[in-house]
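Everything on this sheet refers to the single structure shown next.
Computation of the quantities below employed the complete heavy-atom set of this structure, encompassing side-chain atoms and omitting hydrogens, waters and symmetry-equivalent molecules. One is the number of the first residue; the rest follow in order along the sequence.
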Amino acid sequence: TLKVKFADFSMITRAQSLAVPIASRAMIAEVGRAILVRVLPVPIGVRLLGLTLSGLDCNPVAATQSSLLL
């Protein structure tokens with residue numbers, strides 16, 4: 001989910017669900033950019049831009065998830 005808060009304190013959110021698990025930081029960035037492109041150009045200044053991941057699999061054994069750790 002992408003959240004955009006504008007200079008006038010209005011806010012919009014846009015979300016995208018995927019059929020496959022996200023396996024890399026690059027994929028997170030790619031999906032985030034794809035959502036952002038749908039709201040561009042913005043009508044006024046942006047004061048906050050946030051990207052939220054949800055529906056995560058909390059299985060610590062999964063090798064693909066360990067690659068997302070900072």
Side-chain angles (χ1 to χ4, degrees):
T1 302
L2 180 75
K3 180 184 288 189
V4 183
K5 291 185 179 181
F6 297 102
D8 68 355
F9 291 88
S10 63
M11 177 180 68
I12 61 169
T13 59
R14 300 293 182 265
Q16 180 173 341
S17 296
L18 303 176
V20 297
I22 289 181
S24 68
R25 290 181 193 169
M27 191 172 182
I28 294 170
E30 180 181 329
V31 172
R33 277 191 289 274
I35 299 170
L36 180 60
V37 165
R38 297 191 319 230
V39 300
L40 292 177
V42 293
I44 58 176
V46 172
R47 66 182 182 90
L48 181 133
L49 186 65
L51 186 63
T52 302
L53 303 178
S54 58
L56 302 175
D57 182 358
C58 295
N59 181 358
V61 178
T64 56
Q65 289 181 357
S66 66
S67 68
L68 294 176
L69 298 175
L70 296 176

Item checked: Nearest-0.5 Å distance that lies between atom CD in Gln16 and atom CD1 in Ile35 -> 5.0 Å
Donor-acceptor pairs under 3.5 angstrom involving side-chain atoms of residues 37-55: please list them, not counting sequence neighbours.
{"unit_1": "Arg38", "atom_1": "NH2", "unit_2": "Ala15", "atom_2": "O", "d": "3.3"}
{"unit_1": "Arg47", "atom_1": "NE", "unit_2": "Phe6", "atom_2": "O", "d": "3.2"}

Next item on the list: Check Leu36, Thr13, Ile12, Val31 against Leu2 for a side-chain contact (heavy atoms from CB on, under 4.5 Å) and give me the one that passes.
Entry: Leu36
